[in-house]
**Student:** 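Structure below; questions to follow.
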There are 2 protein chains.
Amino acid sequence: MENQVHFNARIEGINYDILDDLVGYAVRRAQLSIYEDFAASLAAEDITPQRFSSLVIIGNNPGISQTRLAEVMGIARSGVVSIIDRFEASGLVERQASGDRRSYNLHLTKEGQKQLKRYKKAVENHDSRISSALSASEKQQLKSLLRKIGLREEDR
Amino acid sequence: MENQVHFNARIEGINYDILDDLVGYAVRRAQLSIYEDFAASLAAEDITPQRFSSLVIIGNNPGISQTRLAEVMGIARSGVVSIIDRFEASGLVERQASGDRRSYNLHLTKEGQKQLKRYKKAVENHDSRISSALSASEKQQLKSLLRKIGLREEDR
DNA sequence: TATTGTTATACTCTATAACTATA
DNA sequence: TATAGTTATAGAGTATAACAATA
């Protein structure tokens, strides 16, 4: 057996130089430790941040098409195919016929709604845990600052 | 030709439900748009956030071993091998003999130092661009809040 | 002609585990 | 026995491009 891989934001005795000044690196670091906790928290479930987001989007935007979902997730349409194939196989999502016979309307099944409820609780717990060093107002502030990232002139 | 994949943080008319409340999702979103800008900014160079970080760490911690670098980066030792192989092939990093003949001391070459300087400028520009909607103090605040993420009781 | 979903394919990243040489 | 680096291998995730059916 080999040693486990684990991301530790800060290693004693290492000079991080410019990395400490970069907003991008701080975000990346945070993201890695969040992902690690997410994976550990939901190891028992067949879910990832990506798949969880898809399920939430489908659940709250019933009838959405695969192309639109791809656009929301920022991934290629081909990627959505495998995500939905998987959900369909596990009975969480249905491809329903739409007026346009080229496309499907995506819907959660009863089982999908039930599972999503469970996942949401687990994800909420995970999110509280990783942000437990922040007060409610700090969390709000953090989210608001993060939303300003990547905004271009014309978006402000 | 197909349509380009692009992550748009917020799509008109979509209900994001719980995703809007999660700190983790906000971080993920920000990370995606940062990564996209990084890739676009440094497309001409053979560099990624991961490789850039490695170079900075080696440059500022000369003589570091591959195992230690793996630990700092939070990746497997096998991953470091290919990163260093690549840098060695392009003449940016050298594996130097250490006292312990099982391990190497990693160093930047002259060329590596020169390139790192260039990369740093490009990355600084990129970082300013993605955070240009934030004031200096907001940037500082954001970094400070991000550093609190994932902290456990005993680390505070 | 353009669009939707699909498939084929390939590339990157990363992990695990076994190996070797050294300690 | 343990450690550093290496190799082989495999699994995600994602992209591009071409295709069939439909608009």
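Worth saying up front: this structure is predicted, and the values here are computed from it rather than measured. To find a chain, count down the sequence lines: A is the first, B the second, and so on, and within it residues start at 1.
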**Student:** Between the main-chain N or O of B:Glu94 and the side-chain N or O of B:Tyr104, is there a donor-acceptor pair closer than 3.5 Å?
**Tutor:**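 Not confirmed, B:Tyr104 side chain does not pair with B:Glu94 backbone.
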**Student:** If we ignore hydrogens and angles and just use 3.5 Å, is the side chain of B:Asp17 paired with the main-chain N or O of B:Leu19 as donor and acceptor?
**Tutor:**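 Checked: no pair found.
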**Student:** Reading DNA chain C 5' to 3', what string of ( ), [ ], | and . shows its pairs, if Watson-Crick and G-U wobble pairs count only when both distances fall under 3.5 Å?
**Tutor:** |||||||||||||||||||||||
**Student:** Rounded to the nearest angstrom, tell me the gap between atom CZ in B:Arg68 and atom C1' in D:dT3.
**Tutor:**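 Going from B:Arg68 (CZ) to D:dT3 (C1'), I get 15 Å.
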**Student:** Please tell me if the side chains of B:Val93 and B:Thr109 come closer than 4.5 Å, counting only heavy atoms from C-beta onward.
**Tutor:**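 A side-chain contact under 4.5 Å is absent here.
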**Student:** Given D:dA18, C:dT7, D:dT16, identify the nucleotide with an atom nearest to the side chain of A:Val81.
**Tutor:**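 For the A:Val81 side chain, the nearest candidate turns out to be C:dT7.
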**Student:** Between A:Asp127 (side chain only) and B:Leu22 (backbone N and O only), is there a donor and an acceptor less than 3.5 Å apart?
**Tutor:**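 Absent.
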**Student:** Would you find a donor on one side and an acceptor on the other, under 3.5 Å apart, between the side chain of A:Glu36 and the backbone of A:Phe7?
**Tutor:**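 Yes, A:Glu36 side chain to A:Phe7 backbone: donor-acceptor pair under 3.5 Å.
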**Student:** Within the modelled atom types, does a donor on one side and an acceptor on the other bring the side chain of A:Ser78 and the base of D:dT14 under 3.5 Å apart?
**Tutor:**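 Such a pair does not exist between side chain and base.
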**Student:** What residues in residues 42-51 of chain A put a non-hydrogen atom under 4.0 Å from any atom of DNA chain D?
**Tutor:**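 Contacting residues: A:Thr48, A:Gln50, A:Arg51.
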**Student:** Taking only residues two or more places apart in sequence or in another chain, which ones pass side-chain contact (heavy atoms from CB on, under 4.5 Å) with A:Arg102?
**Tutor:**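 Expected list: A:Asp100.
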**Student:** The criterion is side-chain contact (heavy atoms from CB on, under 4.5 Å); which residues satisfy it with A:Glu45, sequence neighbours excluded?
**Tutor:**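 A:Leu42, A:Ile47, A:Arg118, A:Tyr119.
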**Student:** Heavy-atom contacts under 4.0 Å between residues 82-92 of chain A and DNA chain C, which residues?
**Tutor:**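 Those residues: none at all.
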**Student:** Could you tell me how far apart A:Glu94 (CD) and C:dG5 (C1') are, to the nearest whole angstrom?
**Tutor:**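 My rounded result for the distance is 18 Å.
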**Student:** Considering residues at least two apart in sequence or located in another chain, which fulfil the ring-ring contact (aromatic ring centres under 6.0 Å, His included) criterion with A:Phe38?
**Tutor:**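 Residues passing ring-ring contact (aromatic ring centres under 6.0 Å, His included) with A:Phe38: A:His126.
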**Student:** Under a 4.0 Å threshold between the charged nitrogen and the carboxylate oxygen, would B:Asp21 count as salt-bridged to A:Lys139?
**Tutor:**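 No, this pair does not count.
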**Student:** Indicate yes or no for a side-chain donor-acceptor contact from A:Asn15 to the backbone of B:Asn61 under 3.5 Å, with no hydrogens or angles considered.
**Tutor:**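 No; judged by distance alone, with no hydrogens or angles, the pair does not exist.
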**Student:** Can you confirm whether A:Gln50 sits close enough to A:Ile75 that some side-chain heavy atom of one is under 4.5 Å from a side-chain heavy atom of the other?
**Tutor:**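 Yes, at least one pair of side-chain atoms sits under 4.5 Å.
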**Student:** Are A:Ser33 and A:Ile130 close enough, and set up right, to give a side-chain contact (heavy atoms from CB on, under 4.5 Å), and what steps lead you there?
**Tutor:** CA-CA 8 Å; A:Ser33 87; A:Ile130 57 113; 6.0 Å; no
**Student:** Please classify the nucleic acid contact of A:Arg95 as base, sugar-phosphate, or nothing, using heavy-atom distances under 4.0 Å.
**Tutor:**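 Sugar-phosphate only.
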**Student:** Heavy atoms, side chains only, cut-off 4.5 Å: are A:Ile18 and B:Glu124 in contact?
**Tutor:**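 The answer is yes; the side chains approach within 4.5 Å.
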**Student:** With sequence neighbours excluded, what pairs up with B:Gln141 under the side-chain hydrogen bond (donor to acceptor under 3.5 Å, both in side chains) test?
**Tutor:**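 With neighbours one apart ignored, the set is empty.
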**Student:** Can you tell me which nucleotide in D:dA8, C:dT7, C:dT6 comes closest to the side chain of A:Tyr104?
**Tutor:**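 The listed nucleotide nearest to A:Tyr104's side chain is C:dT6.
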**Student:** OP1 or OP2 of C:dG5 versus the side-chain N and O atoms of A:Thr67: is any pair under 4.0 Å?
**Tutor:**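 Indeed, a polar side-chain atom of A:Thr67 lies that close.
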**Student:** Considering residues at least two apart in sequence or located in another chain, which fulfil the side-chain hydrogen bond (donor to acceptor under 3.5 Å, both in side chains) criterion with A:Gln140?
**Tutor:**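 Per chain and number, A:Gln140 pairs via side-chain hydrogen bond (donor to acceptor under 3.5 Å, both in side chains) with no residue.
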**Student:** Within the sub-3.5 Å range, which N or O atoms of nucleotides 21-23 of chain C have a protein N or O partner, and how far apart are they?
**Tutor:**
unit_1 : atom_1 : unit_2   : atom_2 : d
C:dT22 : OP2    : B:Arg101 : NH2    : 3.4
C:dA23 : OP1    : B:Arg101 : N      : 3.0

**Student:** Would you say the side-chain atoms of B:Tyr35 pair up with the backbone N or O of A:Arg28, donor to acceptor, closer than 3.5 Å?
**Tutor:**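 Looks like no, no N/O pair under 3.5 Å.
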**Student:** Under 3.5 Å between N/O atoms: give me all the protein pairs with nucleotides 9-11 of chain D, atom names plus distance.
**Tutor:**
none

**Student:** According to the salt bridge (charged side-chain N to carboxylate O under 4.0 Å, His left out) rule, which pairs have a member within residues 48-76 of chain A, sequence neighbours left out?
**Tutor:**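 Every salt bridge (charged side-chain N to carboxylate O under 4.0 Å, His left out) pair that includes a residue of residues 48-76 of chain A, provided the two are not neighbours, is A:Asp46-A:Arg51, A:Arg68-A:Glu71.
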**Student:** Can you check whether B:Leu92 reaches B:Leu116 side chain to side chain, under 4.5 Å on heavy atoms?
**Tutor:**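 They are not in contact (no side-chain heavy atoms under 4.5 Å apart), so the answer is no.
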**Student:** Would you kindly compare A:Gly79 and B:Asn105 by the position of their nearest DNA chain D nucleotide and give the one closer to the 5′ end?
**Tutor:**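 Here B:Asn105 is the residue nearer the 5' end.
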**Student:** Does any non-hydrogen side-chain atom of B:Arg95 lie less than 4.5 Å from one of B:Leu106?
**Tutor:**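 SC-SC contact between B:Leu106 and B:Arg95 confirmed.
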**Student:** Taking only heavy atoms on the protein side, list every residue of residues 12-19 of chain B lying under 4.0 Å from any atom of DNA chain C, sorted numerically.
**Tutor:**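 Output list: empty, so none.
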**Student:** What integer distance in Å separates B:Tyr35:OH from D:dG13:C1'?
**Tutor:**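 Result: 12 Å.
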